[in-house]
Number of protein chains: 2
Amino acid sequence: MNPPKRATLKEVARLAGVSYQTVSKVLNGQVQLPAATEARIWEAVQALNYIPNHTARSLRSRRSHTIAYCWAPTATGQANPILDELLQSMVQAAERQGYYLLCFPNQPDPQRLREAYRELIDSGRVDGFILSSVEYEDPRILYLMERRFPFVAFGRSNPEYQFPSIDIDGGLGMLKVVRHLVERGHRRIAALTWPPESRVGANRIAGFLQGLIEAGIPPVPEWMERGEGVPAFGYQATLRLLALPESMRPTAIVAFNDAMALGAVRAAQQLGYRVGSEIAITGFDDTPLARYTIPPLTSVRQPIWEVGERLVNRLITLLDHPDISSPYCELIEPELIIRASSTGEEIPLDQDHPYLYP
Amino acid sequence: MNPPKRATLKEVARLAGVSYQTVSKVLNGQVQLPAATEARIWEAVQALNYIPNHTARSLRSRRSHTIAYCWAPTATGQANPILDELLQSMVQAAERQGYYLLCFPNQPDPQRLREAYRELIDSGRVDGFILSSVEYEDPRILYLMERRFPFVAFGRSNPEYQFPSIDIDGGLGMLKVVRHLVERGHRRIAALTWPPESRVGANRIAGFLQGLIEAGIPPVPEWMERGEGVPAFGYQATLRLLALPESMRPTAIVAFNDAMALGAVRAAQQLGYRVGSEIAITGFDDTPLARYTIPPLTSVRQPIWEVGERLVNRLITLLDHPDISSPYCELIEPELIIRASSTGEEIPLDQDHPYLYP
DNA sequence: ATACTCAATGCGAACGTTCGCACGAACATT
DNA sequence: AATGTTCGTGCGAACGTTCGCATTGAGTAT
């Protein structure tokens, strides 16, 4: 159709010989009409190629069918391995229910951040929010709770805050890693982790310690290296760990993400270790590249696709039933992907753990 | 404010003692009022914390101030190094001009794809589109041109299509790579590239060949390996290349992305080559991890941040001036990042090429 | 027959803006 | 003094829906 004129309800109604309000009701399934009438209406809709005007619809119904999402940008020079998958799964899940995702920019300044959220809410542009990279004392959570505006978070925050969230059980992931290493005979296990402010880090550390305790291994403070989650830190920390006197030297290094693990691998190799057999190194995230590194990296895969779907579905449920409150955290179990960096046993590339999601 | 009641134009107007239409005009800068009146209006706006209702605004003005964007999902198991940066830069650039980005799901089926675009357009939800991963005969381009609906593409398509686009000059990137290798004395240069259908591949191949011609090196068909852009292909192809008889064996391998380059590095190392000194291997994309691989990878960095900003700004210009047609392709020059994989000369990590963008 | 329900449709009024024009007053121009 | 011109403001209408009730006519129980 070249003419930019779009059909409206009224034109459909005229063609079908009913009032336009009736057409509206039929399209929204709010009324049951005799088959003949309804058929006429649908024919008219087809004939005119009618598509409801979304703006008018949301003006009147006060529902924008739009979900706001914003994520912290990855520090330059770092890859965000889960962003694409999370975004795709959310966008798809949303579309299946007639929603779209609206992206807005991250705002480091707390003052402006509030303003950004306020504007999005009060302009009526969105029905709810999805938050990611949630931390302690998260101002976004406080603001949305104060405004009683619907949202679902990816990640937990302070335990005393009550809000709907989905999270990956990072502690369980670490526990699986430690169990795996213990099973292979390791007793001196070091960790490359984040500073204690990090909420994600705290959960993972808890799981890590639980794993040690299960195995009756007392934690050693010298074996907890804390820093930024980049290869350079993993590299430096590993040089330090492997410079300890022989009796105090760890035989396994558990990195809290793949980037640190890669740095650790580099350091160990540089010092002449055969990674996998002489020292075990593990990561976390199962970055797509993890299977291709040398040696391939044992890591923990997060079911991101599922997280995205659940976030969206939970939010939409919340929007449809504002009365039902469900301020609990759904935990999802991650998967341990064992490769040569912790075992020394190489698996052929084409037999590496396949990805299950589309 | 606990009561979900938001202030409207009328309430602001009552407080300021003018008609609500006047307030509207002031807010939109469509009229110049005496300072006193205008001040009263702004005070009222402040006092009531007024934020215009976006839906009502776009219903009347027929402008949604929303840009639709959709991207091809990364094949599972592959990282999309540029997604985060592109998205962030577009979202930020859009917000600066009062626009937001609406994400919608990729649709492989061409029938449904048309339908998805049609619905987005005819429901009045968006003002324009940004396309990425553009290919030859791209159905999205054809449809949007047919509908005369505003869009800007990241990437070129058939030369006979006339539409506004931004692209990175991949050919120039390859040319820089080849010049660099030739300068270092290489004459036998192989390429790991995509199948000929790939539009991006074609541009890069052109640059690659131009580089050879410049140096007076005749292209050798056996040195062009075509396959999927994953490490596994780079690995296999490199095994083949290095199994050629000595006189026919390349001394440099130019991979058309970093993933293939990593596979190539692995293969070469496995065959006992010292990558960098005995064989040069280069990538393309400058994946964040490229500086951390062993050896660090020479690659071509794409100015993605700039691309995102230009895409958005160009589209908004188009929306504001529908009369001015500008169906040309803006080319942006990529940057060659030289590291040890092509020179054998390691640079310290902290002196590696910094990222310039926020 | 009368009142009573129910299904099928219609109608007027919002929703909160922007648009286009009109109006009155002040001021400059003939 | 009559006539334009500009400025500041107001007014009614429209944008395309959904909402809530009102209305009609047919069927059913009293």
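Every chain is numbered from 1 and lettered A, B, ... according to where its sequence line falls, protein lines coming before strand lines.
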So does Ser24(B) get a side-chain nitrogen or oxygen closer than 4.0 Å to the phosphate oxygens (OP1/OP2) of dT18(C)? yes
Would you mind reading off the distance between Arg63(B) atom CZ and dG16(C) atom C1', rounded to a whole angstrom? 19 Å
Interatomic distance where CD belongs to Gln32(A) and P belongs to dA8(C) [whole Å]: 7 Å
Could one point to a donor on the side chain of Arg57(A) or the base of dT17(D) with an acceptor on the other under 3.5 Å away? no
Using a heavy-atom cut-off of under 4.0 Å over every strand shown, decide if Ser58(B) touches base, sugar-phosphate, or nothing. nothing
At under 4.0 Å between heavy atoms, what does Leu33(A) touch on the DNA or RNA strands: base, sugar-phosphate, or nothing? sugar-phosphate
What's Thr37(B) touching, base or sugar-phosphate or nothing? Going by heavy atoms closer than 4.0 Å. sugar-phosphate
Would you say a side-chain N or O of Thr22(B) is under 4.0 Å from OP1 or OP2 of dT9(D)? no
Mind calculating the distance between NZ (Lys10(A)) and P (dT9(C)) to the nearest angstrom? 20 Å
Starting at CG of Leu9(B) and ending at C1' of dC15(C), how long is that distance when rounded to a whole Å? 13 Å
Could you check how far CD of Gln30(B) sits from C1' of dG10(D), rounded to whole Å? 15 Å
Rounded to whole Å, please give me the gap between CZ in Arg6(A) and P in dC15(D). 13 Å
Hey, are Glu309(B) and Arg96(B) close enough for a salt bridge, meaning a charged N less than 4.0 Å from a carboxylate O? yes
Nearest to the side chain of Tyr20(A) - dT17(D), dT9(D), dA13(D)? dT17(D)
To the nearest Å, give me how far apart CZ (Arg62(B)) and P (dC19(C)) are. 11 Å
Of Gln21(A) and Pro34(A), the one whose closest DNA chain C nucleotide lies more 5': Pro34(A)
Is Asn53(B) close enough to dC15(C) that one of its side-chain N or O atoms is under 4.0 Å from OP1 or OP2 there? no
Heavy-atom nearest nucleotide on DNA chain D for Ser61(B) versus Lys25(A): which residue maps closer to 5'? Ser61(B)
Give me the ring orientation class for Phe129(A) and Tyr117(A): parallel if the planes are under 30° apart, tilted from 30 to 60°, perpendicular past 60°. parallel
Check every strand shown and say whether Val31(B) touches a base, only sugar-phosphate, or nothing at a heavy-atom separation below 4.0 Å. base
Will you find, in the side chains of Asn158(A) and Arg199(A), an N or O donor that is under 3.5 Å from an N or O acceptor? no
Does the dT18(D) base have a donor-acceptor partner in the side chain of Arg60(A) within less than 3.5 Å? yes
With a 3.5 Å cut-off and no angle check, do the side chains of Asn49(B) and Arg118(A) form a donor-acceptor pair? yes
Rounded to whole angstrom units, what separation is found between the CD1 atom of Ile51(A) and the C1' atom of dG16(D)? 15 Å
Pair Asn106(B), Gln88(A): side-chain N/O donor-acceptor within cut-off below 3.5 Å: no
